[in-house]
Amino acid sequence: MEQTAKLIIDGKTYELPIIEGTEGERAIDISALRRDTGLITMDPGYPNTGSCESSITFMDGERGILRYRGIPVAQLAEHSSFRETSYLLINGELPTPDELNHFSVMLNDHSLVHEDMQHFFQNFPRRAHPMGILSSMVNAVRVFYPEIPEDTSQEAINITFSRLLSKVRTMAAMSYKYSKGHQVVYPSHRLSYCANFLNMMFDSPVKPYEIDEDMVRALNVFWILHADHEQNCSTSAVRLVGSARVNLYAAISAGICALWGKFHGGANQAVVEMLQDIQDGGGDPAPFIARARDRNDPFRLMGFGHRVYKTYDPRARIIKQVCDTVLSKLTYSDPLLDIAMQLEEVALKDPYFIDHHLYPNLDFYSGIILRAMGIPLNMFTVMFAIGRLPGWISQWKESVEDPHWKVHRPRQIYQGKTERDYVPMGERVTKVS
Ligand code: ACO
């Protein structure tokens with residue numbers, strides 16, 4: 001029997017269908033609400049609003065669950081590669097050996113960036129933020145390569161996805177080399193997706209980069225953990241911009257811009273900056289916790305809290321383990337890690353953090369891993385963007401294939417002035433402050 005919810009407005013009862021997902025999540029379908037009642041719903045920031053039905057990622061913030069296409073992220077982090085996880089997200093199933101091999105060949109074939117695009121890189125100021133460069137360059141890729149035609153073959157679609165996945169990685173490394181004023185390192189067919197990135201970042205004519213398999217593994221896990229997170233801010237940006245039927249590159253570029261913000265992907269950079277501030281202030285995290293608790297202070301503890309997780313972020317547990325492996329390779333100890341661990345310990349016992357269900361999120365430890373890999377601070381959010389790319393692509397693909405597709409266009413409740421007449425300039429009274 002179809003479940004419904006009853007809504008009574010001005011004494012009249014409306015029955016609204018209830019939609020149930022495969023994991024038992026339920027939503028009241030209000031798609032006919034305005035037509036039937038003249039009312040809309042109000043949900044600033046959308047914490048109570050479902051924007052789509054999706055079969056890509058399941059997360060349960062209360063129980064700390066995250067699965068891609070049904071597979072727990074911890075299993076993928078342990079057994080899979082970023083390349084294979086990308087295939088899973090985009091295509092819905094794990095690849096066979098032949099499919100994975102074909103995918104690798106496509107990633108390799110499309111990894112070079114058009115030589116003419118180098119002029120763009122050369123003309124960005126050296127101090128330009130790599131996220132700004134990346135979002136512009138992804139848009140620029142559209143100019144060099146055609147967008148996906150409406151009636152295209154699956155192979156042509158796959159080429160576009162592979163092109164994005166491999167070129168974004170190449171362009172990210174290029175932007176770093178340009179920022180240093182160093183010669184660009186090209187991708188190599190001999191290296192895997194992650195090893196290639198590290199090599200393009202750190203190989204140099206005067207100091208050849210030696211591939212360290214532990215670092216490659218850590219990068220795989222880092223990117224697997226970032227690969228998708230259902231309808232977060234940047235993914236919603238990709239879906240919203242994509243709903244106007246712009247080309248895929250423009251939609252992904254919008255996602256990169258949304259990710260840049262410090263309350264989203266920019267948090268990994270903000271965490272390290274905060275840990276550095278704590279260290280510069282003598283290493284005691286207590287004043288920072290006190291500021292975070294103070295309602296009159298806008299300061300927030302970076303890397304804590306999450307819109308959906310009201311328990312420990314499952315990704316934070318995994319990344320913390322990888323952090324230990326990566327740091328054990330270093331010949332020096334990172335004082336910021338000790339500060340991070342102290343901060344976590346104090347915050348987890350603090351009544352404010354307990355009452356507000358504030359736990360460390362993925363970004364809390366990811367900055368420390370990236371530092372240990374030698375990734376510069378301003379590239380941290382770019383690292384997140386490369387990892388989130390398969391998620392954005394699969395969510396975009398799902399949204400354009402959705403038979404119930406609509407241009408995203410929320411409404412509002414107007415609270416401004418009611419109608420009034422235009423006052424000619426000479427009749428306006430000067431305000432006295
Ligand atoms: N430090 C201190 N207080 C916090 C924090 C924090 N990090 N996060 C939330 N709160 C408090 C708020 O002040 C608010 O308190 P109040 O109810 O007493 O006024 C309450 O918790 C709820 O805060 P909201 O902003 O409504 O929660 P929301 O779910 O919208 O916020 C967010 C989620 C933006 C991630 C928030 O926790 C935050 O700003 N965290 C720091 C930035 C960060 O780490 N971002 C990374 C997000 S994860 C990711 O993108 C991979």
Subject >> Working for salt bridge (charged side-chain N to carboxylate O under 4.0 Å, His left out), residues D313 and R315 >> reply: CA-CA 5 Å; D313 181 339; R315 302 166 302 169; 2.8 Å; yes
Subject >> Whether E99 side chain and T96 backbone form a donor-acceptor pair below 3.5 Å >> reply: yes
Original post:
In terms of the angle between their ring planes, are H114 and Y145 parallel, tilted or perpendicular, with boundaries placed at 30° and 60°?
Top reply: perpendicular
Subject >> Expected output: side-chain H226 to main-chain F222 donor-acceptor under 3.5 Å >> reply: yes
Original post:
Would one find more than 12 heavy atoms of other residues, nucleotides or ligands at under 6.0 Å from atom NZ of K310?
Top reply: yes
Original post:
Going through the distances and angles, do S31 and D29 end up as a side-chain hydrogen bond (donor to acceptor under 3.5 Å, both in side chains)?
Top reply: CA-CA 6 Å; S31 50; D29 178 355; 2.6 Å; yes
Original post:
Is a donor on one side and an acceptor on the other found under 3.5 Å between the side chain of S86 and the backbone of P390?
Top reply: no
Original post:
So, is the end of the R428 side chain (NZ or CZ) under 6.0 Å from the ring centre of Y422 and within 45° of the ring's axis?
Top reply: yes
**OP:** Mind running side-chain hydrogen bond (donor to acceptor under 3.5 Å, both in side chains) on S104 and R83 for me, showing each step along the way?
**Re:** CA-CA 8 Å; S104 302; R83 183 182 47 142; 2.2 Å; yes
Original post:
Residues two or more places apart in sequence or in another chain: which of them pass ring pair (Phe, Tyr, Trp, His ring centres under 6.0 Å) with F353?
Top reply: F304
**OP:** Could you check Y352 against L358 for side-chain contact (heavy atoms from CB on, under 4.5 Å), going step by step and ending with a plain yes or no?
**Re:** CA-CA 8 Å; Y352 173 90; L358 297 171; 3.7 Å; yes
Original post:
Are any side-chain N or O atoms of N123 and backbone N or O atoms of H119, one a donor and one an acceptor, separated by less than 3.5 Å?
Top reply: yes
**OP:** Identify the heavy atoms of L240 and S243 that sit nearest to each other, and give their distance.
**Re:** O-OG, 2.7 Å
**OP:** Work out which heavy atom in Q395 is nearest to a heavy atom in S54; give both atom names and the distance.
**Re:** OE1-OG, 4.1 Å
**OP:** Using modelled atom types only, decide if a donor and an acceptor are shared between the side chain of S253 and the backbone of S135 within a distance under 3.5 Å.
**Re:** yes
**OP:** Would you indicate whether the side-chain heavy atoms of Y68 and I56 approach each other to under 4.5 Å?
**Re:** no
Original post:
Shortest non-hydrogen contact from T57 to L66?
Top reply: CG2-CD1, 3.6 Å
**OP:** Mind listing the closest non-hydrogen atom pair of I318 and A74 along with its distance?
**Re:** CD1-CA, 3.7 Å
**OP:** Look at atom CD of E53 and say whether more than 12 heavy atoms of other residues, nucleotides or ligands are closer to it than 6.0 Å.
**Re:** no
Subject >> Student check: side-chain heavy atoms of R411 and R34 closer than 4.5 Å >> reply: yes
Original post:
Between T170 and S111, do the side chains contain an N or O donor and an N or O acceptor separated by less than 3.5 Å?
Top reply: no
Original post:
Under 30°, 30 to 60°, or over 60°: which ring-plane class applies to F121 and F124, parallel, tilted or perpendicular?
Top reply: perpendicular
Subject >> V168 and V141, any side-chain heavy atoms less than 4.5 Å apart >> reply: no
Subject >> Considering all heavy atoms, the nearest R169-I386 contact >> reply: CA-CD1, 4.3 Å
**OP:** Kindly check if the number of other-residue, nucleotide or ligand heavy atoms within 6.0 Å of CZ (F299) is above 12?
**Re:** yes
Subject >> Side chain proximity check, F380 to D363, heavy atoms < 4.5 angstrom >> reply: no
**OP:** Kindly assign one of parallel, tilted or perpendicular to the pair Y359 and Y312, based on the angle between their ring planes and the thresholds 30° and 60°.
**Re:** tilted
Original post:
Are S55 and E398 close enough, and set up right, to give a side-chain hydrogen bond (donor to acceptor under 3.5 Å, both in side chains), and what steps lead you there?
Top reply: CA-CA 9 Å; S55 54; E398 189 178 69; 3.3 Å; yes
Subject >> Listed once per pair and sorted, the salt bridge (charged side-chain N to carboxylate O under 4.0 Å, His left out) pairs that draw on residues 54-76, sequence neighbours left out >> reply: E23-R67, D60-R63
Original post:
Any side-chain heavy atom of R26 within less than 4.5 Å of one from I19?
Top reply: no
Original post:
For R126, does the CZ atom have more than 12 heavy-atom neighbours from other residues, nucleotides or ligands under 6.0 Å away?
Top reply: yes
Original post:
Can you find a heavy atom in the side chain of M201 that is under 4.5 Å from one in the side chain of M379?
Top reply: yes
**OP:** Using ring pair (Phe, Tyr, Trp, His ring centres under 6.0 Å) as the criterion, point out the one residue from H357, H229, H356 that pairs with H306.
**Re:** H229
Original post:
Which one of L89, T160, I157, L165 satisfies the side chain to side chain contact (heavy atoms under 4.5 Å, CB included) criterion with I393?
Top reply: L165
Subject >> Backbone of F82 reached by a side-chain donor or acceptor of N220 within 3.5 Å >> reply: yes
Original post:
Can any side-chain N or O of S328 pair as donor or acceptor with the backbone N or O of T325 at less than 3.5 Å?
Top reply: yes
Subject >> SB check E344 K320 (cutoff 4.0 Å) >> reply: yes
Original post:
Quick one: does T235's side chain have a donor or acceptor within less than 3.5 Å of a partner on N232's backbone?
Top reply: no
**OP:** Determine whether V326 and D214 make a side-chain contact, defined as any pair of heavy atoms from C-beta on separated by less than 4.5 Å.
**Re:** no
Original post:
Under 4.5 Å between any side-chain heavy atoms of M171 and V138, yes or no?
Top reply: yes
Original post:
Just by distance, with hydrogens left out, do W405 and S399 show a side-chain donor and acceptor under 3.5 Å apart?
Top reply: no
Original post:
Would Y46 and Q231 count as a side-chain contact (heavy atoms from CB on, under 4.5 Å) if you check the C-alpha gap in whole Å, the side-chain angles of each, and the deciding distance to 0.1 Å?
Top reply: CA-CA 10 Å; Y46 314 131; Q231 306 313 315; over 6 Å; no
Original post:
Using the ring of each side chain (for Trp, its six-membered ring), is W223 parallel, tilted or perpendicular to Y193, with breaks at 30° and 60°?
Top reply: perpendicular
Original post:
Where do L348 and P360 come nearest, in terms of heavy atoms and distance?
Top reply: CD2-CD, 3.9 Å
Original post:
Any donor and acceptor pair, going by atom type alone, linking the side chain of R307 with main-chain N or O of G45 inside 3.5 Å?
Top reply: yes
**OP:** Check whether more than 12 heavy atoms from other residues, nucleotides or ligands sit under 6.0 Å from atom CD of E345, and answer yes or no.
**Re:** no
Original post:
Just by modelled atom types, is the L33 backbone N or O under 3.5 Å from a matching donor or acceptor in the T37 side chain?
Top reply: yes
**OP:** Using the side-chain contact (heavy atoms from CB on, under 4.5 Å) rule, take L164 and H110 through it: C-alpha gap first, then chi angles, then the decisive distance, then the call.
**Re:** CA-CA 8 Å; L164 252 174; H110 297 285; over 6 Å; no
Subject >> side-chain hydrogen bond (donor to acceptor under 3.5 Å, both in side chains) evaluation trace for Q276 with Q279 >> reply: CA-CA 5 Å; Q276 191 67 59; Q279 193 195 15; 3.1 Å; yes
**OP:** For I28, look at atom CD1 and say whether over 12 heavy atoms of other residues, nucleotides or ligands are found less than 6.0 Å away.
**Re:** no
Original post:
Can you tell me if CD on E93 sees more than 12 non-hydrogen neighbours from other groups inside 6.0 Å?
Top reply: no
